[in-house]
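This report refers to the structure that appears directly beneath it.
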Amino acid sequence: MNDENRTALAKGYAHREVEARWYAFWRARGYFHGDERDQTRPPFSIVLPPPNVTGSLHLGHALTATLQDVLIRWKRMSGFNTLWLPGTDHAGIATQMIVEKELQRTEHKSRHDLGREEFLRRVWQWKERYGSRIGEQHQALGASLDWERERFTMDEGLSRAVREVFVRLHEEGLIYREMKLINWCPRCQTALSDLEVSYEEAHKGELWSFAYPLADGSGEIVVATTRPETMLGDTAVAVHPEDERYRALLGRSVRHPLVDRTLPIIGDAILVDPAFGTGAVKVTPAHDFNDFEVGKRHGLGMITVVGPDGSMTAEAGPVAGLDRFAARKEVKRLLSERGLDRGSQPHTLPLGRCQRCETVLEPLLSNQWFVRIEPLARPAIQAVEEGKTRFIPEQWTNTYMSWMRNIHDWCISRQLWWGHQIPAWYCADGHVTVARQAPEQCGTCGKGGLRQDEDVLDTWFSSGLWPFSTMGWPDETATLRTFYPTAVMETGHDIIFFWVARMMMMGIHFMGEVPFRTVYLHPMVRDEKGQKMSKTKGNVIDPLVISEQYGADALRFTLAALTAQGRDIKLAKERIEGYRAFANKLWNASRFALMNLAGYEEGGGELAGLDLSPADRWILARLQRATNEVVQALEAFRFNDAASTLYQFVWHELCDWYIELAKEALSGDHAGRRRAAQAVLVRCLSTSYRLLHPFMPFITEELWHVLRDEVKAWAWPDSALAASYPQKGTVDEDAERTFGPVIGVVDAIRNVRGEMNVPPKAEPRVVIAVPERQALSTVRGEAARIALLARARVEVVEGPTAPAAPQTAVAVGPGFELRLYLAGVLDLAAEIARVEKELTRLDQDLSGIEGKLANPSFVQKAPAEVVEKDRARAGELREKRGKLEAHRAMLSGTEANTARRDTMENQIPPMPVAEMSAAEPAKVEPAPAPVAPVVEPAPAPAQPEVNAAPPAPKKKAAKKAKKPARKAKKATRKAAPRKAAKKAKKPVRKPVRKAKKARKAARRRR
RNA sequence: GGGCGGAUAGCUCAGGGGUAGAGCGUCGCCCUUACAAGGCGAGGGUCACAGGUUCGAAGCCUGUUCCGCCCACCA
C-alpha cells in the first residue's frame, strides 16, 4: 500500500456518504435472499410484522426493524439459512379512514358519493403512491429483508389464503353468522371486535335514578342508570330473587311512563347485586351486554332504540330522531316532568370508545360473522404450556394465557369497503352460500342471481395468517417446508391479542404447528418525556430524519442499547449523539490502524508464532471475553448487554488501552514486535467489525473493505455481512491477570498526577515496588509502556514498598506500591490531605469488612469462599493502610522539619534500578534484580525531580485540600441517622466510598 | 374491580443476596502526530417508604405511597 491509500480514511466518519453505498451492494449480491432449496444450513426465519401500507415508519418500526435485523444478520453470519420476510398490511379501517379523510378534504366527497368500486380504486391508488415509502425507510435503516418475497395482505395469493381459511372454518362450524349484540361505532358505521374498544378509564358520569310506577298503581320501583335514554328500550326490571325488599314484587309488572308498554319485574341473581344502588335494575337487552344475556335467559323482548348512526329510532317514541345524547337530556326532562326523577349522584365508569375515532361506542344488535374461538384457543394455550412457543420476557406468558382463557367469540365482519370481502353469497330467499369462488347458484335452494355479502373481514383476520400465507399457503411450497415455523416473532406487546394470539391459533389450526418458537416482545418507544408517540400529539419522530442527522448505525445502536427487558424506551437525542460518537471512534481507530499497517499483509491471519507482548495477549483475551459476552447476550435476546459490551470493549479497552499501548511497538524498529502489534490490531478490528456488523452494518461494511484492501486479506469474504460471526471460546485468563498490574500502575500514577496537579508535560520519576515475582517481571517488561502512558520516568524494584523519600507522593494498589518524586511541585499539605482522604476511605471499607469478620455467625454461616475473599481483602486493605500511614507519618515529619530533607536523601545508598523515561521509550534494558526485600532508592538527582515543572497553582491545591475534610464531615453526618435508625444488634453499614481504581483494575483482571 | 411493570447518581437507565454501575451532563487539566464527535483526572447515591427473612438485603417476603400499562358487563 502506498501512503496515499493508507491515509485514505477521512478524519471523521461521514455517515451520509458511506451509507449511500452499501445497501445496493448487498442486494445486488443476493445476500438477503433466503434459499428455500438449501437444506444443508439450519434455517432461521422471521416474518416482519407488516406495517400499515399507507403509513410511514415511526421509531417503533425502527426498533422492530433494528432488533430483527440484528438477529437476522447475526444468524446469517453464524451460518444459518436466514429468511426475513417483508410486507405490508392493508389495515382495513385505518387506511379507509385516511383515504376518506383525504377525499373529504380535497374533493369534499364521501365514499358514498364515489361508490364502492371507484372508492376502492382510489385506495389502491393511495396504496401504490405511499406503499413504497415503507420499503425505502427500511432500506435506509439497513434492514436486510428478502425483498423478492415482499407481500401485501391483499395480494391475490394472500387473499386466496383468506378465502380458504374462511371456507374451511365455516365448514368446520367454527365460523357462523348470527344476530348478536356487538360493539358498534356510530361514526365509522361498522362493527368492531372487543379488542378495538378502548376504555376511558374513569369517565366521570352520573348515576341517575328514576321510578317505574307499578302497573297496578300500588307503588313504584326505583332504578338507577348511567344511560337514561335507553329506558325507552327497557323490557324488564330486574331484582335479586333473594332480596326481601322486592320479593313481593317478583312476577308483577311496571308501567313504562313514556311509551305504552308494561315491563315484568324479574328475578336474576347474576345481573343484580342487591347491595348496589336500589337493588333494582332496568333491563335493556338491545343496548347492554349484561342485559342482552338477561334477555336471552328470560326470553325478553329486544328493542333497538338507538340506531346505527347514534340517533334514536322510531321505537324511541317521544325522543325518536334525537341524537342519543340529546335524547338523554330529554328523557330526564320528561321523567322529571312526570315526577319520577329520584335524584342523581356522580359516578365514574369505564366508557367504551372507538379505538380509531374515539366516538362513544354503542352496543348494537345486528347480524355479524363470528369465529367460534374456544376450539382454536385451546391448542394455542396448550402449545405455550408445553413450551412449543415461549415468550420473552417471560411475564407476557401470563398476559397471553389469561386472555386466551377468557376469550370471547371474535366478531370478524366489518361494514367497510377496504378489505377482504366476505366469501359468502345470498340468494333472494336469504340462504347463505359460503364458497372459495363466486358460486352460480344457491347452495341451499339452487337459485341463481346471488349477491355477495358486502362486508369485509377484520384486518387482523388476514394478519393472523401472515406467517404461512406469505410463504405460499395453501399450496405446499418449499418455502413453507424450509422456513415454517419461523424462529422468532419480534413485535410489540401491544398487539399480543390482536396479532400474536391469532397467529398462534391460525398457525396451529392450519399448519399443525406453532408459527414461531419464540415471541420476543420489545418495549414501546416513547419520546423524551415518556409520552407515547402519536400523530395527534405531534411527537412522532421519523426514523429517517434521525438517520439523516446521526446516521442509521447510530440510531440502530442506540435502539439496541436501550432495549432492556421490561422497560419502555425514552429516546433522547443526547443518547443518539453518544453512539454517533462511538461510530466515529471506531472509524478513527481504524484510521489509526491504516496509518500504521505499512508493510503488513494479513496472509492467513495466524497469530501463533508471533512475538506477542503481554499487552497483545491481554487485548486478545479481552476480545474473546467480549465475544463470549456478546454471543451470550444475543442468545438471550439481551440486546442492551450485547451493545454495551461492544461499546465498552471497542472504546475503553481497544482504543483507550491497547492502541495506546501498541503505539510504541508500531512505531518502533523492532520488526517482530511491530508485526505482532499489527497482526493483533488487525485481528481486533476485523473481529470488532464482525461483532458490530449486525448493529452497525454500514460503517462496519465500509471499514471491512478498507481494512481488507489495506492488508490484502484476500482470504476474508469481500463483505462483512458474509463473514463469519465470532464464536465463543476460551478466554486467556492468565493474560488478563498478568496484565492487571500494568493497568493498575498506570491508573495509579495518573490518579496522583491528576489529584496533585502535576503539569501534563512533566515527567516525574516514579519508583514502583512489586513484591510478586511474575507481576514484577510483567511490570518490568512493560516499564516502557507504563512510562509512555503515565508520562513518567519509571523505575521498578522488587519488594513490598518503594523506599521512603521526602517530596514524594505514594499510591498503593493491589500488588504494588509506587512513589512519585515531585520535588518542586509537591504541595505537602495537599499530599497529606490526599493521603488522609484515601485513609478515610480505607477505614470505612476496612471497618465494614472487619466488622463482618468479627461476627462469629458470619464466619460460621457464610460460604467459606466468601469469608476467604473478605479475609484476603481485609489483609490487602490493612497492608495498604499501613503503607499510607507510614507515608503520612513521613510527610508530617518532613513538614515539621523540611531542613532535614537533604540529610535524609543523602543517607539513601545508591542502587541499580531499571529506569524508563517516556522520552526514550525504545530503550528496553532488563533491570538487574534488586536485592530484596526493601531497598532504598537511588539518591535524588541534583536537578528538580520534575521536568519543566512550574509551581502548582496555589489556589487549586488549597481547594483540593479542603475537599476531603468536607467529605469526611458529610460522611459522618450521613452515617449518624442511619446508625440510630438501625437496630442496635445489627452491624452498621457505613456508606462505603468507592475505590474506583481498584475495582476497575479488578474487573480487567477478572 | 383484577393483573403486570416501574421507583437506583443532576438526566436516561443497567444490575438483582456477598466491595453501588454505565452513558450523558458537571468540575479540573490537556489541541499528547487516530479521533476536541477527543484524552486524562475528579466529584456525585439512606438503591421510594415501613416492617420482616438472612451471618449479610438495593436485590427475597409483607405492607404502604407515587408513576405507567393491560384486562373487566356492577346498573
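Just the heavy atoms: all of them, side chains too, but no hydrogens, waters or symmetry mates, feed the values below. Numbered from 1 within each chain, the chains take letters A, B, ... in sequence-line order.
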Touch class at under 4.0 angstrom, heavy-atom based, for A/R405 against every strand present: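 Contact class for A/R405: none.
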
Would you please name every residue forming a side chain to side chain contact (heavy atoms under 4.5 Å, CB included) with [X], sequence neighbours left out?
{"X": "A/A269", "answer": "A/H240, A/P241"}
{"X": "A/E362", "answer": "A/P186, A/R227, A/H287, A/V306, A/R324"}
{"X": "A/H15", "answer": "A/Y13, A/E19"}

Residues which pass side-chain hydrogen bond (donor to acceptor under 3.5 Å, both in side chains) with A/R342, listed by chain and number, not counting sequence neighbours: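 Expected list: A/E220.
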
For A/R881, salt bridge (charged side-chain N to carboxylate O under 4.0 Å, His left out) partners two or more places apart: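 Result, salt bridge (charged side-chain N to carboxylate O under 4.0 Å, His left out) vs A/R881: A/D843, A/E885.
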
Contacts of A/D243 that satisfy salt bridge (charged side-chain N to carboxylate O under 4.0 Å, His left out) - sequence neighbours left out: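 Only A/R245 meet the salt bridge (charged side-chain N to carboxylate O under 4.0 Å, His left out) criterion with A/D243.
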
Watson-Crick or G-U stems involving RNA chain B, each at least 3 pairs long, distances under 3.5 Å, ordered by first number: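 Stem segments, range with range: B:1-7 with B:65-71, B:10-13 with B:21-24, B:26-30 with B:38-42, B:48-52 with B:60-64.
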
Shorter than 3.5 Å, N or O on both sides, protein versus nucleotides 66-69 of chain B: list them out with atom names.
none

Value in whole Å for how far the P atom of B/G5 lies from NE2 of A/H522: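 After rounding, the gap between these two atoms is 19 Å.
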
Pairs flagged by side chain to side chain donor-acceptor pair (under 3.5 Å) wherever residues 397-407 of chain A is involved - sequence neighbours left out: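 The answer is A/E385-A/R405.
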
Integer angstrom distance from the C1' of B/C31 to that of B/C24: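 Taking atom C1' in both B/C31 and B/C24, they lie 23 Å apart.
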
